[in-house]
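Positions are given from 1 along the sequence.
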Amino acid sequence: MSSATFCLLLAAITPTADPITVKDALRPFNLFVGKWKGTGVPDARGGSRVKEFWSETIEWIWQFKDNDACLFGQFDKNPTYATIELRFLTKTQQYEMTLTTHAKTKEVYLGELKPGKGKEQVLTLDRTDDATQTVQRFVFTLLHHNRYLYRLETKPIKAASFSRSYQVGVTKEGESFASVPTGPECIVSGGTGSSRVTYKGETYYVCCSGCRDAFKENPEKFIKEFEEKKKKESKKE
């Protein structure tokens with residue numbers, strides 16, 4: 001048997017890693033839930049569409065439909081975008097971000113989440129704009145539970161490197177940088193629960209209106225998942 005044939009047989013019988021589920025893939029972004037304020041800094045060298053500094057707010061919630069889930073954000077005073085959706089595609093194991101502009105056009109980006117420096121995590125998403133013959137890249141850097149950055153970079157399709165168009169520093173409204181999130185776990189998303197919901201006399205917690213609505217629609221589904229998760233965690237201990 002040749003070495004090449006042996007390698008093919010080995011690959012065929014070697015089990016692959018389990019695919020990441022939607023909820024597990026989006027878990028690092030639980031910190032997004034809530035209201036944030038950001039400051040945008042354009043970079044003229046990158047040919048920014050925005051020429052001046054700006055301040056914005058964005059409020060994130062969970063949205064659920066059937067077996068799909070996404071994080072949905074509503075911008076206020078962003079010069080280009082009105083809404084943002086972040087989801088995970090199980091078939092391709094990629095993140096998908098959809099930005100809707102004030103003119104109602106949609107920009108769809110695809111990418112991956114990877115470790116950055118120290119405890120940082122970096123989500124990098126790209127799209128090709130055929131009209132301008134450019135590649136546009138959004139990069140989210142998760143710095144802290146109440147601090148993240150996002151930036152837009154662009155390059156001509158045939159160019160080797162990107163140029164920064166702008167960067168936005170975002171902080172959680174009403175929280176100091178040093179604060180640590182405390183509280184019960186959201187029964188739907190696994191984030192930090194901030195409000196109560198009840199079912200059959202039992203009290204549970206959710207983190208946002210999206211999780212509240214999903215729980216009310218199908219409480220037994222989320223209670224079952226929550227109990228199964230607790231059993232698995234107790235076995236590990």
### Task
Tell me, please, which residues at least two apart from V41 pass side-chain contact (heavy atoms from CB on, under 4.5 Å).
F53

### Partners passing salt bridge (charged side-chain N to carboxylate O under 4.0 Å, His left out) against D68 (at least two apart in sequence or in another chain)
R87

### Query
Looking only at heavy atoms, what is the nearest atom pair of P42 and Y166, with distance?
CA-CB, 3.6 Å

### Query
With side chains defined as the heavy atoms from C-beta onward, is the minimum distance between L86 and L123 less than 4.5 Å?
yes

#### Entry: Q74 and I58, any side-chain heavy atoms less than 4.5 Å apart
no

#### Entry: Which residues share a salt bridge (charged side-chain N to carboxylate O under 4.0 Å, His left out) with K216, sequence neighbours left out
none

### Query
Does K231 pair with E227 as a salt bridge, N-O distance under 4.0 Å?
no

### Task
Look at the side-chain heavy atoms of Ile, Leu, Val, Met, Phe, Trp and Tyr, link any pair under 4.5 Å apart, and say whether I187 and I61 land in one connected group.
no

### Task
Compute whether any side-chain donor of one residue and acceptor of the other, for E52 and W54, lie under 3.5 angstrom apart.
no

### Message
Using side-chain contact (heavy atoms from CB on, under 4.5 Å), reason through Y95 and L125 one step at a time and then give a plain yes or no.
### Response
CA-CA 8 Å; Y95 290 89; L125 310 111; 4.1 Å; yes

### Task
Spell out, as yes or no, whether a donor-acceptor pair under 3.5 Å connects the side chain of S189 to the backbone of G191.
yes

### Task
Would you mind reporting whether F222 and V188 have side-chain heavy atoms less than 4.5 Å apart?
yes

### Task
State yes or no: do I84 and V170 share one hydrophobic cluster built from I, L, V, M, F, W and Y residues joined by side-chain heavy-atom distances below 4.5 Å, directly or via other members?
yes

### Task
Take atom NZ of K23 as the centre, draw a 6.0 Å sphere, and report whether it contains more than 12 heavy atoms from other residues, nucleotides or ligands.
yes

### Summary
Residue pairs passing the salt bridge (charged side-chain N to carboxylate O under 4.0 Å, His left out) test with at least one member in residues 117-126, sequence neighbours excluded, are D126-R137

### Task
Under the ring pair (Phe, Tyr, Trp, His ring centres under 6.0 Å) rule, collect the residues that match up with Y148, sequence neighbours excluded.
F32, W36

### Message
Quick check for you: to the nearest 0.5 Å, what is the distance between T134 atom OG1 and K155 atom NZ?
### Response
9.5 Å

### Result of checking M97, Q94, R127 against L110 for side chain to side chain contact (heavy atoms under 4.5 Å, CB included)
Q94

### Query
Is it the case that more than 12 heavy atoms not belonging to K35 sit under 6.0 Å from its NZ atom?
no

### Query
So do the side chains of F162 and V135 get within less than 4.5 Å of each other, counting heavy atoms only?
yes

## Note on the structure
Residue set satisfying side-chain hydrogen bond (donor to acceptor under 3.5 Å, both in side chains) with T83, at least two apart, ordered chain then number -> T100

### Heavy-atom donor-acceptor pair, Q133 side chain to D130 backbone, under 3.5 Å
yes

### Query
Going by atom types alone, do Y150 and Q167 pair a side-chain donor with an acceptor below 3.5 Å?
no

#### Entry: Residue pair Y205, T192: steps toward the side-chain contact (heavy atoms from CB on, under 4.5 Å) verdict
CA-CA 8 Å; Y205 291 84; T192 303; over 6 Å; no

## Note on the structure
Taking every heavy atom of G73 against every heavy atom of W60, the minimum-distance pair comes out as N-CE3, 3.8 Å

### Query
Can you list the residues that meet the salt bridge (charged side-chain N to carboxylate O under 4.0 Å, His left out) rule with K224, with sequence neighbours excluded?
none

### Task
Please examine the side chains of Q136 and L152, heavy atoms only from C-beta on, and report whether any two atoms are closer than 4.5 Å.
yes

### Query
Which pair of heavy atoms, one from W62 and one from C211, lies closest together, and at what distance?
CD1-SG, 3.6 Å

### Query
Who are the side-chain contact (heavy atoms from CB on, under 4.5 Å) partners of A82, not counting sequence neighbours?
H102

#### Entry: salt bridge (charged side-chain N to carboxylate O under 4.0 Å, His left out) involving D24 - partner list, sequence neighbours excluded
R27

### Message
Tell me every residue that passes side-chain hydrogen bond (donor to acceptor under 3.5 Å, both in side chains) with K229, counting only those two or more places apart in sequence or in another chain.
### Response
E185

### Query
How about K114 and V122: do any of their side-chain heavy atoms sit closer than 4.5 Å?
no

### salt bridge (Lys or Arg N to Asp or Glu O under 4.0 Å) assessment of E153 paired with R151
CA-CA 7 Å; E153 301 174 347; R151 68 180 185 268; 2.6 Å; yes

### Query
Run the side-chain contact (heavy atoms from CB on, under 4.5 Å) check on L71 and V33 step by step: do they pass?
CA-CA 8 Å; L71 280 156; V33 173; 4.0 Å; yes

### Message
Set out, in order, the CA-CA distance, both residues' side-chain angles and the distance that settles side-chain contact (heavy atoms from CB on, under 4.5 Å) for V168 and E56, then state yes or no.
### Response
CA-CA 9 Å; V168 182; E56 67 180 39; 3.9 Å; yes

### Task
Give a yes or no on whether E228 atom CD has more than 12 heavy-atom contacts from other residues, nucleotides or ligands under 6.0 Å away.
yes

### Query
Below 6.0 angstrom between ring centroids: does that apply to Y199 and Y204?
no

### Query
For the residue pair F75 and Y81, does the interplanar ring angle fall in the parallel (under 30°), tilted (30 to 60°) or perpendicular (over 60°) class?
tilted

### Query
Side-chain heavy atoms under 4.5 angstrom apart, residues restricted to Ile, Leu, Val, Met, Phe, Trp, Tyr: same cluster for F72 and L142?
no

### Message
Please give me the minimum heavy-atom distance between K172 and L31, naming the atom from each residue.
### Response
NZ-O, 3.9 Å

### salt bridge (charged side-chain N to carboxylate O under 4.0 Å, His left out) contacts touching residues 189-208 (sequence neighbours left out)
K200-E220

### Task
Return the set of residues passing side-chain contact (heavy atoms from CB on, under 4.5 Å) with T90 (not counting sequence neighbours), or none when no residue passes.
V22, F88, Q93

### Summary
When every non-hydrogen atom of C207 is compared with those of C186, the smallest separation belongs to N-SG, 3.4 Å

